[in-house]
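Note sheet for the following structure.
Chain letters run A, B, ... following the sequence lines, proteins first, then strands; residues in each count from 1.
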Amino acid sequence: MALIEAALSAAVAAARPVLSAAARRAAPLSCCASYSAAASSSSFSCGSGDIEDSPPLPIPTPRGQSLLARFRGRRALAVTDITATEWCEKQMEFVLEHGRPERTQAMKAGSERHAQLEQEVIERVDVTIRSAEEMWAVKFMNFIVGANQLMLEGITRELPVFGVIEGSWMIGVIDELQMPPDGVSLHPILVDTKTRYKPTPPSEAQKRNGRLQLMCYKYLWDNLIGEKFPAENFFSYFDLDPNYLLSDDIKQFIRLLGLDAKTLEDVLKYFKVTCHTLPRSQEQLLLRYELQADHSLLEEYLFSYDASWFKDQIQEVLSFWQGARDAKFVSEEERWKCSFCKFANNCPINASSSRCC
DNA sequence: ATTGCTGAATGG
């Protein structure tokens, strides 16, 4: 174990700008993989050539299935699925049913700024991902490298995390983790930088949304380092083969980091060893708001993790996803959100406009 | 080809 740690440390220290992997699919995944939830018209050249008189029809998706089953079957909910739902459940529903609206200029600027911040500490390396197993292997490797960077250099960005919250698999990317200066504390602080188009202070709804996001990350990080990662459940839930042989491309990427792995299970072992060495995160979380125009600081918002508030929020969001109830509309005080929503014209909350006496 | 499907987040 000491050897593994030494190897990791050496690798991370040597490769000054830490390596990460940009997952880019060269080709669609193998034809019969369970990816196409909505098996549409796309070319499904799966073995059997002709469709005979009584082909094994794809199971028609029964109505009344939960959104979780329909849109996130055998997949994890993203942390941003949680926050998008908290923002407006009806809008989340529209996005699932009708697809994402076009990205705004503000969103593009935000993405660019985040890429810039990431580049300050991370060098991206492209690897081709051919399967779900390889996707997870890369996620684990990026976690290992990022966590080691945090401990050695005091900071890391865009760190992937995953785990189970209130019974549901979740996945997310921590914007930033930073060790406190000196020996003040051994516990890293979670930070999220929000860029703003206008120099106005963030609304309460935005801050609440950001709090929820950061609490998701803290929960996932603390659970990973607490070594509660349910490996057996992980492989079966995502239908992964632990013994899947990684491609030479991926193996080479792993070797760049001083490790040697042939299978996804090998990678998971390194991951577990790394998790054992990491400290819990601080109870204090930080949202940092900056102006897109000049990156000037608009507000720094420090707040505390609140386990019971967090649990309630997650349960509320999950009850929507699980179909326990219909989507809720925004509250009267937050009706202003509708003016930013692409689906406002089709939304029942605005039913008065279309039908007049 | 930044968003789609099948990356998670981007902002309000």
Tell me whether the OP1 or OP2 atom of [N] has a side-chain N or O from [X] closer than 4.0 Å.
| X | N | answer |
| --- | --- | --- |
| A:H114 | B:dA9 | no |
| A:R196 | B:dG11 | no |
| A:Q213 | B:dT10 | yes |
| A:T80 | B:dA9 | yes |
| A:Y217 | B:dA8 | no |

For [X] and [N], what is the distance between atoms [atom1] and [atom2] respectively, to the nearest whole Å?
| X | N | atom1 | atom2 | result |
| --- | --- | --- | --- | --- |
| A:M107 | B:dG11 | CE | C1' | 6 Å |
| A:R100 | B:dG11 | CZ | C1' | 14 Å |
| A:N142 | B:dA8 | CG | P | 12 Å |
| A:D126 | B:dG7 | CG | C1' | 13 Å |
| A:Q105 | B:dT2 | CD | C1' | 11 Å |
| A:R113 | B:dA8 | CZ | C1' | 19 Å |
| A:R70 | B:dC5 | CZ | C1' | 16 Å |
| A:E133 | B:dT6 | CD | P | 18 Å |

Considering only side-chain heavy atoms of [X], which listed nucleotide, [options], is closest?
| X | options | answer |
| --- | --- | --- |
| A:K139 | B:dG11, B:dT2, B:dA8 | B:dA8 |
| A:A78 | B:dG12, B:dT10, B:dA9 | B:dA9 |
| A:W87 | B:dG12, B:dG11, B:dA9 | B:dG12 |

Taking atom [atom1] in both [N] and [M], compute the distance separating them and give it to the nearest angstrom.
| N | M | atom1 | result |
| --- | --- | --- | --- |
| B:dG11 | B:dC5 | P | 23 Å |
| B:dG7 | B:dT3 | C1' | 10 Å |
| B:dT2 | B:dT6 | C1' | 15 Å |

Looking at A:W309, is A:R208 sitting on its ring face, NZ or CZ under 6.0 Å from the six-membered ring centre and within 45 degrees of the normal?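 The answer is no; the distance or angle limit is not met.
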
Looking at A:W221, I'd like to know if the NZ or CZ of A:K218 sits under 6.0 Å from its six-membered ring centre while staying within 45 degrees of the ring's axis.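 Relative to the ring axis of A:W221, which defines the angle, A:K218 lies outside at least one limit.
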
With sequence neighbours left out, what residues match A:T80 under side-chain contact (heavy atoms from CB on, under 4.5 Å)?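 A:T80: side-chain contact (heavy atoms from CB on, under 4.5 Å) contacts with A:A78, A:T83, A:Q213.
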
Could one point to a donor on the side chain of A:Q91 or the base of B:dG12 with an acceptor on the other under 3.5 Å away?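 Answer is yes: a donor-acceptor pair is held.
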
Do the side chains of A:D192 and A:K194 get close enough for a salt bridge, i.e. N-O under 4.0 angstrom?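 Salt bridge flag = yes for A:K194 with A:D192.
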
Sugar-phosphate only, base, or nothing, as touched by [X] at under 4.0 Å among non-hydrogen atoms:
| X | result |
| --- | --- |
| A:E112 | nothing |
| A:T195 | sugar-phosphate |
| A:Y289 | nothing |
| A:R75 | sugar-phosphate |

In terms of relative ring orientation, are A:F140 and A:W136 parallel, tilted or perpendicular, with 30° and 60° separating the classes?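 Plane angle between 30° and 60°, so tilted.
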
Any side-chain heavy atom of [X] within less than 4.5 Å of one from [Y]?
| X | Y | answer |
| --- | --- | --- |
| A:R325 | A:E316 | yes |
| A:V138 | A:I129 | yes |
| A:P242 | A:L268 | no |

Check each residue of residues 163-171 of chain A for a non-hydrogen atom within less than 4.0 Å of any atom in DNA chain B, then write out the ones that pass by number, or none.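 Correct list: A:I171.
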
Enumerate the residue pairs fulfilling salt bridge (Lys or Arg N to Asp or Glu O under 4.0 Å) with a member in residues 180-190 of chain A, sequence neighbours excluded, ordered by first and then second residue.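 Residue pairs with at least one partner in residues 180-190 of chain A: there are none.
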
Earlier contact from the 5' end, DNA chain B, for A:C341 and A:V173: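 Result of the comparison: A:V173.
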
